[in-house]
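Structure first, then comments.
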Amino acid sequence: MADDKLGAYNIFDLREQALRRVPKGLFEFCDRGTEDEVSLRNNRSVFDRIRFRPRTLVDVSKRNPEVTLFGNKHKMPLVIAPTGTAGLLWYEGEIALAKAAREAGIPFTLATGSMTAMERVADEAGGDLWFQLYMWPDRSLSQKLVERAKAAGYKALVVTVDGVHAGNREYNIRNGFTIPFTFTPRNILDVLLHPRWMFGVLARYIVTTGMPRYQNYPTDVRARITAGPMGRSSLRTDSLSWPDLQAMRKIWPHKLIVKGMLNAQDAAKAVDYGADGVVVSNHGGRNLDGIISPIEVLPEIADAIGKRATLLVDSGFRRGSDVVKALSLGAHAVQIGRSTLYGIAAHGYEGARRALEIYREEIGRNMALLGVNNIGELGPEYLQFADTALRPPHARPSLKLMDGARAAGE
Ligand SMILES: Cc1cc2nc3c(=O)[nH]c(=O)nc-3n(C[C@H](O)[C@H](O)[C@H](O)COP(=O)(O)O)c2cc1C
């Protein structure tokens with residue numbers, strides 16, 4: 001590692017470094033998708049079907065990637081998505097991730113299933129903190145969690161609605177990757193082959209707080225979490241429905257965001273129910289295989305709610321150009337999940353900082369080469385769609401328009 005770039009010139013470099021540092025079972029838990037990983041691949045390839053149409057001779061010397069979300073100004077159009085595993089990839093990785101977000105001037109979302117307690121993240125990292133909620137079967141426990149988030153100063157509550165059942169991730173079972181960690185010959189070897197992780201993360205937890213645990217869970221429930229394949233927490237409910245959202249709206253006084261929608265009618269209904277924002281997401285291709293990519297429905301959801309609510313999107317973003325494409329399709333900001341996890345896994349705080357720096361540079365470069373000075377200037381006119389299905393509804397030639405043009409011109 002010759003310089004402060006950590007030998008990483010893009011997010012894929014950080015991914016390679018992460019792969020070398022952490023046990024394969026843990027890496028795959030973070031990196032992979034579900035079943036045949038069709039959606040995981042489509043989340044990436046969808047960006048290849050959208051091209052840029054730049055403008056030239058525009059003075060871009062004062063370009064500015066700042067955005068305002070929920071009245072707060074941020075240094076770039078990114079938010080760190082909730083991921084329950086930052087604290088497994090690095091000792092207290094959530095604190096490192098939240099610090100990197102604060103330094104970069106963007107919000108950080110702490111997951112319900114994180115390994116570090118929400119109060120500690122707030123005390124030690126600060127910044128613009130959002131809290132993600134997986135609703136539990138016992139709604140009163142979820143309400144207590146939300147009360148804690150309020151007391152700890154979290155500014156937004158992100159209710160995840162696409163996790164009512166865990167995805168089918170066969171590799172986790174094959175890798176014996178469970179929480180709390182149960183030792184099998186396969187994963188013992190996996191851990192032994194990664195001594196930096198074994199001593200720097202696992203051993204550090206063992207000598208301080210013991211085996212990593214879901215520190216936001218109530219104590220009695222925490223003790224009951226025995227080895228089940230990761231992500232299959234018995235605490236998730238499959239009865240989540242609209243009244244739950246209403247109930248959360250009643251008790252949460254700050255911004256309420258619904259995460260995991262891909263349907264314009266659902267998104268509009270969420271806003272009618274009082275949501276301030278919606279995250280268009282397929283959970284990074286981790287839950288339902290064969291599901292559409294958020295980018296494929298972003299334009300119609302932007303048409304439905306873009307003027308009434310804050311529109312966020314995630315799943316598959318690895319480049320600044322991906323972010324610029326999504327903003328051109330109507331998103332107000334992009335959430336990134338694995339990108340900063342790779343950074344955390346490889347180098348802790350420094351790696352997350354580097355991941356965000358890469359995005360900042362790439363977004364700025366793309367803005368310059370597109371002839372854009374402010375994020376608000378971006379729109380579908382900067383894009384060309386190799387796949388007509390991706391074209392935003394208002395940019396498609398409708399019959400009415402074509403008839404009108406004919407009437408006027410002929
Ligand atoms: C390892 C991992 C853990 C995740 N845990 C959660 C979670 O606890 N809650 C949640 O709402 N989303 C979770 N997600 C989904 C992310 O919030 C986000 O939707 C997804 O990672 C975006 O895709 P990307 O990783 O391609 O950026 C997780 C994703 C990953 C990769």
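The model shown is predicted, which means the values in this text are computed figures rather than measured ones. Both counts, for ligands and for their atoms, begin at 1 and track the order of listing.
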Any side-chain donor paired with an acceptor under 3.5 Å for [X] and [Y]?
X	Y	result
D244	W242	no
N374	E66	no
E92	T116	no
T112	N216	no

Which side-chain N or O atoms in residues 335-342 pair as donor and acceptor under 3.5 Å with protein atoms at least two apart or in another chain?
from : atom 1 : to   : atom 2 : distance (Å)
Q335 : NE2    : D314 : OD2    : 3.1
R338 : NE     : C30  : O      : 2.8
R338 : NE     : D31  : O      : 3.2
R338 : NH1    : G284 : O      : 3.2
R338 : NH2    : R32  : O      : 3.1
R338 : NH2    : G284 : O      : 2.9
S339 : OG     : F317 : O      : 3.1
S339 : OG     : Y359 : OH     : 2.8
Y342 : OH     : D31  : OD1    : 2.4

Among [options], which one puts a heavy atom closest to [atom]?
atom	options	answer
atom 14 (N) of ligand 1	P82, G316, G337	P82
atom 15 (C) of ligand 1	H283, Q132, R32	H283
atom 20 (C) of ligand 1	G260, G284, G113	G284

Protein contact of atom 1 (C) of ligand 1 - nearest heavy atom, named by residue and atom, plus distance: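 Result for atom 1 (C) of ligand 1: T85 OG1, 3.2 Å.
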Residue, atom name and distance, where the atom is the protein heavy atom closest to atom 12 (N) of ligand 1: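 Checked against all protein heavy atoms, atom 12 (N) of ligand 1 sits closest to K259 NZ, 3.0 Å.
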For A111, which part has a heavy atom under 4.0 Å from ligand 1: side chain, backbone, both, or neither?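 A111 to ligand 1: side-chain contact only, backbone stays beyond 4.0 Å.
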Would you mind listing which atoms of ligand 1 come within a distance below 4.0 Å of any non-hydrogen atom of C30?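 Listed by number with element: 1 (C), 31 (C).
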Atoms of ligand 1 less than 4.0 Å from T160 heavy atoms?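 Reading through ligand 1 atom by atom, the close ones are 10 (C), 11 (O).
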Any N or O on [X] sitting closer than 3.5 Å to an N or O of ligand 1?
X	result
D314	yes
T83	no
R338	yes
R318	yes

What pairs of donor and acceptor atoms, side-chain ones from residues 259-270 against any protein atom, are under 3.5 angstrom apart with sequence neighbours left out?
from : atom 1 : to   : atom 2 : distance (Å)
N263 : OD1    : Q265 : N      : 2.7
N263 : OD1    : D266 : N      : 2.9

Can you check side-chain contact (heavy atoms from CB on, under 4.5 Å) on N287 and R169, steps first, answer last? CA-CA 8 Å; N287 284 350; R169 305 178 195 156; 3.0 Å; yes
Should S315 be listed as contacting ligand 1, given a heavy-atom distance under 4.0 Å as the test?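 Yes, that is the case, since the closest heavy atom of the residue is under 4.0 Å from the ligand.
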Under 4.0 Å, counting heavy atoms only: does T109 come that close to any atom of ligand 1?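 Contact absent.
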